[in-house]
Amino acid sequence: MPDVMTLMELGGPLAAIGGAAYARKAHPTAYWSTVGLPLSVVRLLASYVSTMDACGLTVEPSRLRALAVRATTRREVRPVPPRRGIPRPTSTGLRVRIRLAPGQEPADVAASSERLRDAWGVHAVHVVSLKPGVVELRLVGFDVLRKVKMPRQARSELLAVPVALREDATAFVRDYRTAPHQLVLGATLSGKSMFLRNLLTGLAAQPVALVGIDCKRGVELSPFAPRLSALATEPDEAAKLLPVLVREMEDRYDLIKARQGIAPNTPDEEITSDVWGLPEGERPHPIVVFVDEVAELFLVATRKDEERRDEMVTQLIRLAQLGRAAGIYLEICGQRFGAELGKGATMLRAQLTGRVCHRVNDEASAKMALGDIAPEAVGVASTIPAEMPGLAVAGDSSGGWIRVRTPYLSLADAAATCRETAELVPDVPALERAASRAPARPRPRNART
């Protein structure tokens, strides 16, 4: 009987432990809010001073403070940690602001992020510089990239679309005003197409002209044709569409010159303003050009194809160099992108400010995307597991990088969004004249005639 009573007494705690373990794996948000958050707050408050000291983030106190301590307590004067603000809980972690001591910099705190993570029992600690002398510690309680759930406060603005979730639980926003052109790399089934769907459907509800170049017979972009202002599904069609975009860019430069009194013979490269300086009534609609599998534009079989390739690459480079001021932006996608594609590839890549690298088949591909802007991110991109499609490393020319993951969006839902927003296709006469129809759906082989 005593043994039975003992088992019954232990049953409650064991069930609670088992339930907590299940909730931690199956429902990490609920577990964090009920169990993880209180424990982490207690650890942070109780061990803040000792943890900062162990990480080498304490400094000697000022002379005035040292004298005051000796006069009032007569105890040993110890180094002091950075001043800490009140921890602010979130649905995925904690945020704490700290004021750095004189002589410290954000990199000092970032170098100790792994130690802080272990000391406070959280999944990760990210350090963000808010202003000189103040940084924010973003503590993430669990792996938010395992099951992506976009933040509720993530909202789209003109040419700024929250397209993925960052590993610090904030939204990764694709902002064309900040990074006009971007390169997106990824092997087959890496999630590159999912990234493209989320981005395209986010822009579909905005007054933005969308142009597609998909030389894989349009299999990726044809479902979005109702919302596209123009679509090229073969290299020959792309060779006709790109000159139209270049002429549209030149016309917009002429508009800027006329409005701002710039001499007509001024080279486009010397114009420092852009279409955003024009009155709203005269401002042309922005244009975002999606190029899926850019390698298809570089491949050649005959000398005639080589001449066409060189012409298309030159036009893409011109759009990348001068398109931003004219409100024309590029989103270049592919499995590989480097010098081996041919003449002009490296020059084009150098103009692409944003970089997103999904899982790739070799380290050389990761170096193509990130090696020239963030060499330390190459190893991270090379180890993305195949069972986590949509996971990628995002960086830009500033050298910063972070892991992101795109939420799942089915092709049917994305296509439905484009059909529903088809009436929002802006009026761009040049693109209307160049628009090509989406390829007709082929009849099944067993269909009756």
Side-chain angles (χ1 to χ4, degrees), residues 156-166 171-187 190-204 206 208-214 220-221 224 242 245 249 286-295 297 313 316-338 341 344-360 365-374 377-378 381 390-406:
S156 297
E157 299 179 0
L158 182 61
L159 292 174
V161 179
V163 69
L165 183 68
R166 294 159 47 108
F172 172 72
V173 179
R174 174 68 178 101
D175 189 349
Y176 288 93
R177 300 287 296 275
T178 303
H181 314 300
Q182 182 169 260
L183 174 64
V184 181
L185 288 188
S190 65
K192 175 167 53 67
S193 298
M194 197 69 63
F195 184 92
L196 193 63
R197 289 178 200 168
N198 279 270
L199 180 56
L200 198 147
T201 53
L203 291 170
Q206 301 183 10
V208 177
L210 305 178
V211 175
I213 298 177
D214 180 8
E220 291 288 348
L221 297 182
F224 317 125
L242 285 171
L245 291 169
M249 178 185 70
I287 300 175
V288 179
V289 183
F290 294 90
V291 181
D292 189 70
E293 201 52 67
V294 65
L297 297 181
V313 172
L316 274 176
I317 293 174
R318 289 200 65 197
L319 289 172
Q321 288 180 332
L322 307 174
R324 182 206 64 81
I328 300 177
Y329 310 97
L330 300 180
E331 198 76 23
I332 307 294
C333 306
Q335 297 185 38
R336 288 180 60 87
F337 194 83
L341 290 181
T346 303
M347 188 175 181
L348 175 60
R349 185 182 62 173
Q351 303 294 328
L352 306 178
T353 304
R355 308 290 176 83
V356 176
C357 182
H358 294 78
R359 178 179 57 81
V360 290
S365 297
K367 289 182 178 178
M368 294 175 193
L370 303 168
D372 57 336
I373 61 170
V378 173
L391 187 63
V393 176
D396 54 45
S397 57
S398 67
W401 62 274
I402 194 169
R403 294 197 313 159
V404 302
R405 193 178 186 190
T406 312

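Annotation for Ala366 and Cys357: closest pair CA-SG, 4.1 Å, computed over non-hydrogen atoms. Nearest heavy atom pair, residue Gln351 against residue Ala320, reads CB-CB, 3.5 Å. Considering all non-hydrogen atoms of both residues, Leu316 and Leu348 come closest at O-CD1, 3.9 Å. Pairing each heavy atom of Leu185 with each of Ala369, the nearest pair is CD1-CB, 3.6 Å.
Looking only at side-chain heavy atoms (C-beta outward), Leu165 and Arg405 stay at 4.5 Å or farther from each other. Two residues are said to be in side-chain contact when any heavy atoms from C-beta on lie closer than 4.5 Å; Phe290 and Leu203 meet this criterion. Proximity of Thr353 to Pro180: side-chain heavy atoms (C-beta onward) are separated by under 4.5 Å at one or more points. A 4.5 Å side-chain heavy-atom check between Leu200 and Leu221 finds at least one atom pair inside the cut-off. Side-chain atoms of Val356 and Gln182, non-hydrogen and from C-beta on, do get closer than 4.5 Å to each other. Proximity of Leu370 to Ile373: side-chain heavy atoms (C-beta onward) are separated by under 4.5 Å at one or more points. Contact check for Asp396 versus Trp401: no side-chain heavy atoms found under the 4.5 Å cut-off. For the pair Val404 and Ile402, the minimum side-chain heavy-atom distance is below 4.5 Å.
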Please step through side chain to side chain contact (heavy atoms under 4.5 Å, CB included) for the pair His358 and Val360, ending with a clear verdict.
CA-CA 6 Å; His358 294 78; Val360 290; over 6 Å; no
Kindly determine whether Met347 and Ile317 satisfy side chain to side chain contact (heavy atoms under 4.5 Å, CB included), including the steps that lead there.
CA-CA 7 Å; Met347 188 175 181; Ile317 293 174; 4.1 Å; yes
Side chain to side chain donor-acceptor pair (under 3.5 Å) evaluation trace for Ser365 with Gln335
CA-CA 8 Å; Ser365 297; Gln335 297 185 38; over 6 Å; no
Test log, rule side chain to side chain contact (heavy atoms under 4.5 Å, CB included), inputs Cys333 and Val294
CA-CA 6 Å; Cys333 306; Val294 65; over 6 Å; no
Going through the checks in order, is the side chain to side chain contact (heavy atoms under 4.5 Å, CB included) test met by Val211 and Val288?
CA-CA 6 Å; Val211 175; Val288 179; over 6 Å; no
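A side-chain donor-acceptor contact under 3.5 Å links Gln206 to the backbone of Glu157. In this structure, the side chain of Thr178 does not engage the main chain of Asp175 through any donor-acceptor pair within 3.5 Å. When atom types are taken as modelled, the side chain of Arg174 and the backbone of Ala179 share a donor-acceptor pair closer than 3.5 angstrom. Within the 3.5 Å criterion, the main-chain N or O of Phe172 finds no donor-acceptor partner in the side chain of Arg166.
In this structure, OH on Tyr329 lies 8.5 Å from NE2 on His181, to the nearest 0.5 angstrom. The CG atom of Leu352 sits 5.5 Å away from the CG atom of Leu183 when rounded to the nearest 0.5 Å. Put simply, CG on Leu322 and CE on Met249 are 5.0 Å apart, with the number rounded to the nearest 0.5 Å. One finds the CZ atom of Arg318 at 12.0 Å from the CG atom of Leu242 (value rounded to the nearest 0.5 Å). Expressed to the nearest 0.5 Å, how far CG of Leu391 lies from CZ of Arg403 amounts to 5.5 Å. Taken to the nearest 0.5 Å, the OG1 atom of Thr406 stands 6.0 Å off from the CG atom of Asn198.
Salt bridge absent: Lys367 and Asp372 never bring a charged side-chain N and a carboxylate O closer than 4.0 Å.
Within the cation-pi definition used here (under 6.0 Å to the ring centroid, within 45° of the axis), Arg197 does not qualify as a partner of Phe195.
For the residue pair Tyr176 / Glu331, a side-chain donor-acceptor distance below 3.5 Å is found, with atom types taken as modelled.
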